[in-house]
Amino acid sequence: MAEAEKMRRIAVVGASLAGTRAAEALRRRGFDGELTLIGAEPVPAYQRPALSKRYLLGDADAEDIALPSPRDDMGIRLRLATRAVRLDLAERRLWLASGRRAEPEPLPYDGLVIACGTTARTLPGKLPEGVHTLRTEADARALRADLRRGTPRVAVVGGGLVGQEVAATARKLGHEVTLIDPLPAPGVRALGLPVARMLAALHAEHGTRLRLGVGVAAVEGEPRITGVRLTDGSVVVADVVVVAIGVLPATQWLEGSGLTLENGLCCSPNLAVLGAGSITAAGDVARWHDPGSGRSLRVEHWENALRQAEVAARTLLEGPDAPAFDEVPMFWTSLYGLGLQVLGHPGQEDTLHVVEGDLAARRCIAVYRDGSRVTGVVLVNAPHRLRDYRAALRNGTPQPAA
């Protein structure tokens, strides 16, 4: 705890899951100095995965998806609606902007956790009313209101996890939905072609129209959206458009700081930020070297943020010799009642081997391989086997012991 003895002021930038849990972990690990948790959004942390499902559907409101706040006796100073706009490494000082002050104000620190997450990508140019992204609770609130304006025709641009969830939710609400993706099947980058084709068939069976292998040339309508013009010249008529084309690490404020930014904030295996003393990172913004795979990784999933929060706090207090982050990552989704869990880091070109059940029947377990190396596991409607396969991957074996 030599590093901790030098610290009397720690700041955590990002008050969503990773930042909030990192702040709590710092207190649990014995840090008793000044601790400030800084969040750009005006609301405390909430369950972000629920935004495209229960919240959008109307089965949950803001209070239902709120995460437990840090206990009052933890002494964590929470500053919401406040953005970090600059980092001065030499002076160990953050500059913060909020609505209460005309000019950014300095916040000195001895230790820093950066967990500021990502921002949603969107389409270029000035966009008409009715075009949405979905990253924050405010985004979801605006989209939910638009989906209740009569029975709108909905176009979803992007077939990744969020896009597919929004499409499934909009269908459940009874809307006409078109899912647009330039790739041959939705989710192919994360899941590979066999699983992605299975999901494409699932969407089609539930009435979601698929426009695959074609991109967006322009959006039409003024002042409100009327349609999406595709690169093949056709137009998808739409009253509501959801742009779900991925996210960008929220690192603009770190440009010029001297830290290494490469599609994220570069870290060592234990999440210590490269080129800086007493700074760690966690969650969607962190890019770290993974000793197990030998790759540089940045993972944008809920459970990864939760588990990295503990490691970032530990490394900040213990210093550069703290253990590496070595958890097996997982993400999950639910589409039209089908449950999907994915473990590890499968690649689009990896080979899929079904080891239990049948993919066509949508109840199976399959292993991804890159040559002889197991990169991941997908469980389709098989949540009861999740723990076993996670343990197998952690132990370096493709399947649980018989």
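Because the structure is predicted, anything quoted here is derived from the model rather than measured. Heavy atoms only: backbone and side chains are in, while hydrogens, waters and symmetry mates are out. Index from 1, following the sequence.
When all heavy atoms of Ala200 and Leu210 are compared, the closest pair comes out as O-CD1, 3.4 Å. Here the closest heavy-atom approach between residue Asp284 and residue Arg135 is recorded as OD2-NH2, 3.0 Å.
Among residues at least two apart or in separate chains, side-chain hydrogen bond (donor to acceptor under 3.5 Å, both in side chains) pairs with a member in residues 263-276 are Asn263-Arg298, Ser268-Asn270. Listed by first and then second residue, the side-chain hydrogen bond (donor to acceptor under 3.5 Å, both in side chains) pairs that reach into residues 360-369 are Glu205-Arg362, sequence neighbours excluded. Counting only residues at least two apart or on different chains, the side-chain hydrogen bond (donor to acceptor under 3.5 Å, both in side chains) pairs with a member in residues 167-190 are Glu176-Arg209.
When the side-chain contact (heavy atoms from CB on, under 4.5 Å) test is applied to Ser16, the partners found at least two apart in sequence or on another chain are Arg48. Annotation: side-chain contact (heavy atoms from CB on, under 4.5 Å) contacts of Arg92 (sequence neighbours excluded): Tyr109, Ser278. Residues forming a ring-ring contact (aromatic ring centres under 6.0 Å, His included) with His301 (at least two apart in sequence, or on another chain): Phe331. Taking Val43 as the reference, Glu41, Tyr46 meet the side-chain contact (heavy atoms from CB on, under 4.5 Å) condition, with sequence neighbours excluded. In this structure Arg93 satisfies the salt bridge (Lys or Arg N to Asp or Glu O under 4.0 Å) test with no other residue, sequence neighbours excluded. Legend: residues meeting ring-ring contact (aromatic ring centres under 6.0 Å, His included) with His203, ordered by chain and number and at least two apart, are Tyr336. Residues passing the side-chain contact (heavy atoms from CB on, under 4.5 Å) test with Ala138, sequence neighbours excluded: Thr136, Arg141.
Taking 4.0 Å as the cut-off between side-chain N and carboxylate O, Arg307 and Glu303 count as a salt-bridged pair. A salt bridge links Asp232 with Arg211; the closest basic N to acidic carboxylate O contact falls under 4.0 Å. Between Glu24 and Arg21, at least one side-chain nitrogen of the basic residue sits less than 4.0 Å from a carboxylate oxygen of the acidic one, meeting the salt-bridge criterion.
For Asp72, the CG atom sits in a loose shell: 12 or fewer heavy atoms of surrounding residues, nucleotides or ligands are nearer than 6.0 Å.
The closest side-chain heavy-atom distance from Leu87 to Leu94 is below 4.5 Å. At least one side-chain heavy atom of His289 sits less than 4.5 Å from a side-chain heavy atom of Pro269. Between Asp146 and Glu129 there is no side-chain heavy-atom pair separated by less than 4.5 Å. With contacts defined as side-chain heavy-atom distances shorter than 4.5 Å, the pair Pro346/Leu191 does not qualify.
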Output a table of donor-acceptor pairs, distance under 3.5 Å, between side-chain atoms of residues 244-252 and any protein atom two or more places apart or on a different chain; print 'none' if there are none.
none

Throw together a table of side-chain donor-acceptor distances under 3.5 angstrom for residues 54-61, partners on residues two or more places apart or in other chains.
unit_1: Tyr55; atom_1: OH; unit_2: Glu137; atom_2: OE2; d: 2.8
unit_1: Asp61; atom_1: OD1; unit_2: Arg144; atom_2: NH1; d: 3.3
unit_1: Asp61; atom_1: OD1; unit_2: Arg144; atom_2: NH2; d: 3.0

